[in-house]
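A short worksheet on the structure shown next.
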Amino acid sequence: MQSLNFESDDLAATEEFLNDAYTRVQIGNNGQHQVRARIRREVLGSINFDQLEMGFDMAYDADPLGRVCLVTVHSGRIEENYHGCGTDTFTPGQTGLLTPHDLPYSGVIRTSRYDITMFDPAILNRMATTAGGSRVRVDGHRPVSVAAGQRLRRVIIHLQQIAADPDAANSPLTVTTASDYLAATVLATMPTTAEHEPNATDRHDAHPHTVRRAIAYLESHLGDRIAIADVAAATFVTPRALQLAFRRHLNTTPLEYLQQLRLAAAHEQLGAAGPGDGQTVASIAYRWGFTHPGRFATAYRQRYGHSPSQTLRE
């Protein structure tokens with residue numbers, strides 16, 4: 001886990017920090033308020049969670065970030081200039097794409113408190129594909145619906161909590177699971193170039209042999225960082241064909257099946273834990289990629305009929 005903190009009432013110092021922490025940017029004070037900037041960052045693998053408070057109207061003109069940048073506004077507003085789309089304004093309670101990862105961006109932050117979540121766009125390619133094999137990109141700046149925006153905000157809040165927890169943030173499996181969780185949510189809630197429907201080849205490849213090869217791969221890599229793209233590559237099919245095969249023959253998804261395998265591994269480790277060895281339900285859950293203790297406990301009880309703490313005690 002990494003973090004950084006910055007606080008200043010100097011425009012030049014704020015600009016210098018933004019250049020170091022983000023990309024080359026020029027800023028100015030477009031209002032009457034005195035400059036005041038506060039920034040805090042938590043890091044979870046390749047994901048940055050930044051909490052920012054700009055106590056003045058900060059105009060900005062920046063080079064491309066090279067990262068997908070989602071914004072959630074808590075107070076004030078952000079006026080962002082989108083290439084070819086004009087200006088759009090984010091107000092409190094709204095979440096969306098602040099800037100495409102490969103384009104310069106500009107706008108004005110109007111005395112705002114807001115969060116930004118940044119991650120490598122390559123993470124999206126681990127979870128989905130596009131026609132012609134080009135890179136997946138977010139090609140719109142608003143969620144596909146109000147409900148989708150609410151879902152995206154809930155996931156970001158959850159991941160912020162994980163990033164702030166040293167035990168969770170230092171678990172490699174948890175970090176990878178969190179990255180996939182965020183990427184899958186972005187693909188489901190934001191407009192992207194990803195293909196969502198299987199084609200004729202995918203339907204042909206979605207046979208039982210694909211499922212058997214995938215299960216063998218999952219079982220032999222249970223403690224590794226696994227993404228849909230990894231399993232698909234190991235079974236020589238596309239991610240869409242893999243998803244279709246699991247849905248068709250097991251009525252589940254590869255990631256849901258993987259979760260069940262890891263739940264069984266957590267169950268075994270809970271049962272094998274001895275007094276005084278320092279293991280807890282939370283540490284074992286994190287070890288197997290379960291980042292939400294309450295959801296882990298619910299899934300565990302549904303599967304085994306009692307709580308994970310009861311297994312640990314016995």
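One is the number of the first residue; the rest follow in order along the sequence.
Here the side chain of T193 pairs a donor or acceptor atom with the backbone of R137 at under 3.5 angstrom. In this structure, the side chain of T23 engages the main chain of P64 through a donor-acceptor pair within 3.5 Å. A donor-acceptor contact shorter than 3.5 Å is absent between the side chain of Q260 and the backbone of Y257. Of the possible polar contacts, none joining the T210 side chain to the A206 backbone as a donor-acceptor pair under 3.5 Å is found. A donor-acceptor contact shorter than 3.5 Å links the side chain of N29 to the backbone of H33.
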Checklist entry - Between Y114 and S75, does a side-chain hydrogen bond (donor to acceptor under 3.5 Å, both in side chains) hold up when you go through it step by step? => result CA-CA 7 Å; Y114 60 102; S75 66; over 6 Å; no
Next on the checklist: Pair R303, L263 - check side chain to side chain contact (heavy atoms under 4.5 Å, CB included), show working.
Outcome noted: CA-CA 9 Å; R303 176 75 178 271; L263 189 66; 3.7 Å; yes
Checklist entry - Hey, mind stepping through R142 and Q94 against side-chain hydrogen bond (donor to acceptor under 3.5 Å, both in side chains) and telling me if it holds? => result CA-CA 9 Å; R142 292 282 184 173; Q94 295 182 337; 3.1 Å; yes
Item to check | Stepwise side chain to side chain contact (heavy atoms under 4.5 Å, CB included) check, E7 with R40 | outcome: CA-CA 9 Å; E7 184 171 350; R40 175 176 173 80; over 6 Å; no
Next on the checklist: Run N30 and M58 through side chain to side chain contact (heavy atoms under 4.5 Å, CB included) and show every step you take.
Outcome noted: CA-CA 6 Å; N30 270 27; M58 188 187 84; over 6 Å; no
Next on the checklist: Test side chain to side chain contact (heavy atoms under 4.5 Å, CB included) on T72 and H74; report intermediate values, then the result.
Outcome noted: CA-CA 7 Å; T72 299; H74 301 294; 4.0 Å; yes
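At least one side-chain heavy atom of N48 sits less than 4.5 Å from a side-chain heavy atom of R67. E42 places none of its side-chain heavy atoms less than 4.5 Å from the side chain of Q160. Between L124 and V138, the closest side-chain pair of non-hydrogen atoms falls below 4.5 Å. Using a 4.5 Å heavy-atom threshold, the side chains of V175 and L44 count as touching. By the 4.5 Å heavy-atom criterion applied to side chains, V281 and T311 are not counted as neighbours. R153 is not listed as a side-chain neighbour of H158, based on a closest heavy-atom distance of 4.5 Å or more. Side chains of D205 and T238 form no contact here, defined as non-hydrogen atoms less than 4.5 Å apart. Within the 4.5 Å cutoff, no side-chain heavy atoms of T111 are placed close to those of M54.
Note on F56: it clusters hydrophobically with I116, by side-chain heavy-atom contacts below 4.5 Å among ILVMFWY residues. A chain of hydrophobic side-chain contacts below 4.5 Å, direct or via other Ile, Leu, Val, Met, Phe, Trp or Tyr residues, connects I162 to I156. One hydrophobic cluster, built from ILVMFWY side chains closer than 4.5 Å, holds both L98 and V73. Both L4 and L52 belong to a single network of hydrophobic side chains, linked directly or stepwise wherever heavy atoms of I, L, V, M, F, W or Y lie under 4.5 Å apart. Under the 4.5 Å side-chain contact rule for hydrophobic residues, L261 and I215 share a cluster.
Cation-pi check for R41 over Y22 is met; the charged atom lies under 6.0 angstrom from the ring centroid and within 45 degrees of its normal.
A donor atom on one side chain and an acceptor atom on the other are not found under 3.5 Å apart for D230 and Y217. Side-chain atoms of H141 and D88 include a donor-acceptor pair closer than 3.5 Å. For the residue pair Y82 / T99, no side-chain donor-acceptor distance below 3.5 Å is found, with atom types taken as modelled. A donor atom on one side chain and an acceptor atom on the other are found under 3.5 Å apart for E80 and Y60. Judged purely by distance below 3.5 Å, without hydrogens or angles, the side chains of S283 and T280 pair a donor atom with an acceptor atom. Judged by distance alone, the side chains of S106 and N81 do bring a donor and an acceptor atom under 3.5 Å apart. There is a side-chain donor-acceptor pair under 3.5 Å between Q279 and Q269. For the 3.5 Å distance criterion, the side chains of T192 and D139 fail to qualify, holding no donor opposite an acceptor. Donor-acceptor pairing under 3.5 Å is lacking for the side chains of Q51 and R113. Using a 3.5 Å distance cut-off with no hydrogens or angles, the side chains of N19 and R24 do not pair a donor with an acceptor.
Crowding of H221 atom NE2: a count of heavy atoms from other residues, nucleotides or ligands under 6.0 Å exceeding 12. Counting non-hydrogen atoms of other residues, nucleotides and ligands closer than 6.0 Å to CD of Q32 gives a total of 12 or fewer. Heavy atoms from other residues, nucleotides or ligands lying under 6.0 Å from NE2 of H209 number 12 at most. Around atom CD of E268, no more than 12 heavy atoms belonging to other residues, nucleotides or ligands sit under 6.0 Å away. For E16, the CD atom sits in a loose shell: 12 or fewer heavy atoms of surrounding residues, nucleotides or ligands are nearer than 6.0 Å.
Distance check, rounded to the nearest 0.5 Å: CG of L187 to CG of L182 gives 9.5 Å. Rounding to the nearest 0.5 Å places CG of L152 at 10.0 Å from CG of L97. Rounding to the nearest 0.5 Å gives a distance of 5.5 Å between OG1 of T117 and CZ of F49. With values rounded to the nearest 0.5 angstrom, T87 atom OG1 is found 13.5 Å from I78 atom CD1. Put simply, CD1 on I123 and OG on S46 are 3.0 Å apart, with the number rounded to the nearest 0.5 Å.
A search for side-chain contact (heavy atoms from CB on, under 4.5 Å) contacts involving S8 returns F6, D10, A13, T14, not counting sequence neighbours. A search for salt bridge (Lys or Arg N to Asp or Glu O under 4.0 Å) contacts involving R77 returns E79, not counting sequence neighbours.
What you find for A273 and L312 is that their closest heavy atoms are CB-CD1, 3.5 Å. What you find for S307 and S309 is that their closest heavy atoms are OG-OG, 3.0 Å. Closest approach of V144 and P191 over heavy atoms only: CG1-N, 3.7 Å. The shortest non-hydrogen separation linking Y300 to H306 is CD2-O, 3.2 Å. In terms of heavy atoms, L270 sits closest to P308 at CD1-CB, 3.7 Å. Residues L222 and R262 come closest through the heavy atom pair O-NE, 3.1 Å.
By the 4.0 Å N-to-carboxylate-O rule, R110 lies close enough to D57 to be salt-bridged with it.
The residue from F290, Y304, Y286 that alone fulfils the ring pair (Phe, Tyr, Trp, His ring centres under 6.0 Å) condition with F296 is F290.
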